[in-house]
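Basis for what follows: all heavy atoms, side chains included, without hydrogens, waters or symmetry-related copies.
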Amino acid sequence: MPPPPANAPRQERTRPLVDKLHAWFAATAPRMMAGSATSDAMKYALKRWAGFTRFLDDGRIEIDNNTAERAIRPVTLQRKNALFTGHQLGAENWAAISSLVETCKMLDINPYAYLCDVLTRIITRADTDPIDDLLPYCWTDANAAQTSFELSSIASAA
């Protein structure tokens, strides 16, 4: 598979800059005062360098995470709501539901339709059934097929 078009400029212009940054981090981090915020940030970046530079080789990966930041903004703005759940498990459940809702929004899925369908499917499944197909990235609306069937029946009857 040929690399996406965004890959060529990244290789030409960005890779040399990132390589220089890596060399500078590697040379400077050991000389920084241990425990300082700058030293910790450099060591953090060096330990995760492969993940940090993955965007250079794969043009599908965004250079920044602005899309993800915008997607989670509503959740972070309402973070204080979790303080009033009354229990740690309640806060964890709230976080899981919020994550599903925001993921649905990011994928242009109606969160209400998704949750209604998935909760209905969960009830009918065995405990040992896989759930991967219920995650927002893999989900297909079971009711959408039914709706299109009903519409085609109505159209053919007319």
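Under the side chain to side chain donor-acceptor pair (under 3.5 Å) criterion, Thr28 pairs with Trp24, not counting sequence neighbours. Applying the side chain to side chain donor-acceptor pair (under 3.5 Å) rule to Asp133 yields the partners Arg125; only residues at least two apart in sequence or on another chain are considered.
Clustering of Ile, Leu, Val, Met, Phe, Trp and Tyr side chains at separations under 4.5 Å leaves Leu135 isolated, with no partner residue.
Atom CD1 of Ile122 sits about 9.0 Å away from atom OG1 of Thr124, to the nearest 0.5 Å. Atom CH2 of residue Trp139 and atom CG of residue Asp117 lie 5.5 Å apart, to the nearest 0.5 angstrom. A distance of 10.0 Å separates CD of Glu69 from OG1 of Thr67, quoted to the nearest 0.5 Å. With rounding to the nearest 0.5 Å, the separation of CG in Asp141 from CD1 in Ile109 is 9.0 Å.
Heavy atoms only, all atoms of each residue included: Ala29 and Leu46 are closest at CB-CD1, 4.2 Å. Annotation for Arg54 and Ile61: closest pair CG-CD1, 3.5 Å, computed over non-hydrogen atoms. Nearest approach of Met42 to Met32, heavy atoms of both residues: SD-CG, 4.1 Å. In terms of heavy atoms, Gln11 sits closest to Leu56 at NE2-O, 2.6 Å.
Both Phe25 and Val18 are part of a single hydrophobic cluster, where members link through side-chain heavy atoms under 4.5 Å apart. Val118 and Met106 fall within the same hydrophobic cluster, defined by Ile, Leu, Val, Met, Phe, Trp and Tyr side-chain heavy atoms under 4.5 Å apart, directly or through other members.
Sorted pairs that involve residues 117-138 and meet ring-ring contact (aromatic ring centres under 6.0 Å, His included), not counting sequence neighbours, are lacking altogether. Pairs of residues two or more places apart, or lying in two chains, that qualify as salt bridge (Lys or Arg N to Asp or Glu O under 4.0 Å) and include a residue from residues 14-27 are Arg15-Asp57. Sorted by first and then second residue, the pairs that involve residues 43-62 and meet ring-ring contact (aromatic ring centres under 6.0 Å, His included), not counting sequence neighbours, are His22-Trp49, Trp49-Phe52.
With hydrogens and angles ignored, the 3.5 Å screen pairs no side-chain donor or acceptor of Ser39 with any backbone N or O of Ser36. Not one N or O on the side chain of Ser99 forms a donor-acceptor pair closer than 3.5 Å with the backbone of Ala95.
For Arg48, the CZ atom counts as densely surrounded, since its 6.0 Å shell holds more than 12 non-hydrogen atoms of other residues, nucleotides or ligands. Annotation for Ile131: atom CD1 does not count as buried by contact number, only 12 or fewer foreign heavy atoms lying within 6.0 Å.
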> So Val101 and Tyr114, side-chain contact (heavy atoms from CB on, under 4.5 Å) or not? Walk me through it.
Replying inline: CA-CA 9 Å; Val101 167; Tyr114 168 78; over 6 Å; no
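Proximity of Pro9 to Thr14: side-chain heavy atoms (C-beta onward) are nowhere separated by under 4.5 Å.
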